[in-house]
Amino acid sequence: MNRRPARRHIAVAVAATAVLAAGTLAVGTGAAGADSRGQGGKQAGPVTKAQVLGLFDRWNAALQTGDPKKVADLYAKDAVLLPTVSNQVRADRAGIVDYFEHFLQNKPVGTKVESVVNVLDRDTVIDTGVYEFSLTDHRTGEKSTVKARYTYAYEKQPNGRWLIVNHHSSKMPQG
C-alpha cells in the first residue's frame, strides 16, 4: 500500500479531529466504506470503535513489558512519533526505540480519560483524546502523573495487523 497520499489525508484529518476534539466531550465514531484488502480473498468488515480502542490497550500492554523493541513493533516502518517527554521528532524505528528506552525507565502505565474515534476507511483510523500516565522516577522512586493529549493514526497492514503510522502526544498546558 502506498501510504504517501493517505498520509496527506491523515494529516488533514488529524488536524480536523484535534479541532473537533477540543470542542466536544462526546465519544463518536464515523464509518466510511472503502475498498479493503481482506484475508483469504474476502472483504474485511468495517473496524469497530471497540477494536480501535483495543489498539491502545495493546500498546499500553507493550509498555508494561519494559521492552522498547516490543513497543516499537507496534509502529509502522515509516511511522512518526512526536513524543510527550522529548523535543525530538522520531521518524524511524531506531528513534522510536531510543525514545522508549528512556520513557520505559519510568514504568509508565497509561489510562485513557477521553477518546474520540474516527474511522476514515476500512484500513485507516484515528484515535484522539486525553490520557494520563502514572510514572515512577527510576532514580528516586517518586511517583507522578502526567496528563497529555494524544492522537494515534493507525493503518491496517496487508497481513491484517493494525500499526501506528503517526503518534502525537503532548503534555496538557495546564499541567
Can you sort out the partners of [X] under side-chain hydrogen bond (donor to acceptor under 3.5 Å, both in side chains), two or more places apart, ordered by chain and number?
X	result
T136	K143
K107	none
T84	S169

I want to check something: taking the side chain as every heavy atom from C-beta on, are [X] and [Y] in contact at a cut-off of under 4.5 Å?
X	Y	answer
R122	V47	no
F56	Y150	no
L120	I126	yes

If you look at every heavy atom in [X] and [Y], which pair is closest and at what distance?
X	Y	answer
T48	Q51	N-OE1, 2.7 Å
P83	L81	CD-O, 3.2 Å
A76	V165	CB-CG1, 3.9 Å
S115	L53	OG-CD2, 3.3 Å

side-chain contact (heavy atoms from CB on, under 4.5 Å) evaluation trace for S170 with L82:
CA-CA 8 Å; S170 58; L82 300 172; over 6 Å; no
Report the residues that fulfil side-chain contact (heavy atoms from CB on, under 4.5 Å) with [X], sequence neighbours left out, ordered by chain and then residue number.
X	answer
Q105	H138
L135	F103, N106, P108, F133, S144, V146
R139	D137
D73	R93

Summary of side-chain hydrogen bond (donor to acceptor under 3.5 Å, both in side chains) pairs that have at least one residue in residues 94-104, sequence neighbours excluded
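Non-adjacent pairs meeting side-chain hydrogen bond (donor to acceptor under 3.5 Å, both in side chains): R90-D98.
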To the nearest 0.5 Å, what is the distance between [atom1] on [X] and [atom2] on [Y]?
X	Y	atom1	atom2	value
R149	K171	CZ	NZ	12.0 Å
T124	D121	OG1	CG	3.5 Å
K49	N118	NZ	CG	11.0 Å
E114	T128	CD	OG1	9.0 Å
W59	L74	CH2	CG	9.5 Å

Identified side-chain contact (heavy atoms from CB on, under 4.5 Å) partner of W162 from the options E155, Q157, K156:
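Single pass found, and it is K156.
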Is V97 reachable from V71 through a run of I, L, V, M, F, W or Y residues, each pair having side-chain heavy atoms under 4.5 Å apart?
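As far as the 4.5 Å side-chain criterion goes, V97 and V71 are not connected within one cluster.
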Same cluster or not: are L163 and V80 linked, directly or through other Ile, Leu, Val, Met, Phe, Trp or Tyr residues, by side-chain heavy atoms under 4.5 angstrom apart?
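Different clusters: L163 never reaches V80 through Ile, Leu, Val, Met, Phe, Trp or Tyr contacts under 4.5 Å.
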Take F100 and L63 through the test side-chain contact (heavy atoms from CB on, under 4.5 Å) and record every step on the way to the result.
CA-CA 9 Å; F100 284 111; L63 293 180; 3.9 Å; yes
Determine the interplanar angle of the Y75 and H167 rings, folded into 0 to 90°, and report it as parallel if under 30°, tilted if 30 to 60°, perpendicular if over 60°.
parallel
Taking salt bridge (Lys or Arg N to Asp or Glu O under 4.0 Å) as the test, write out the residues that go with K112, two or more places apart.
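K112 satisfies salt bridge (Lys or Arg N to Asp or Glu O under 4.0 Å) with D127 only.
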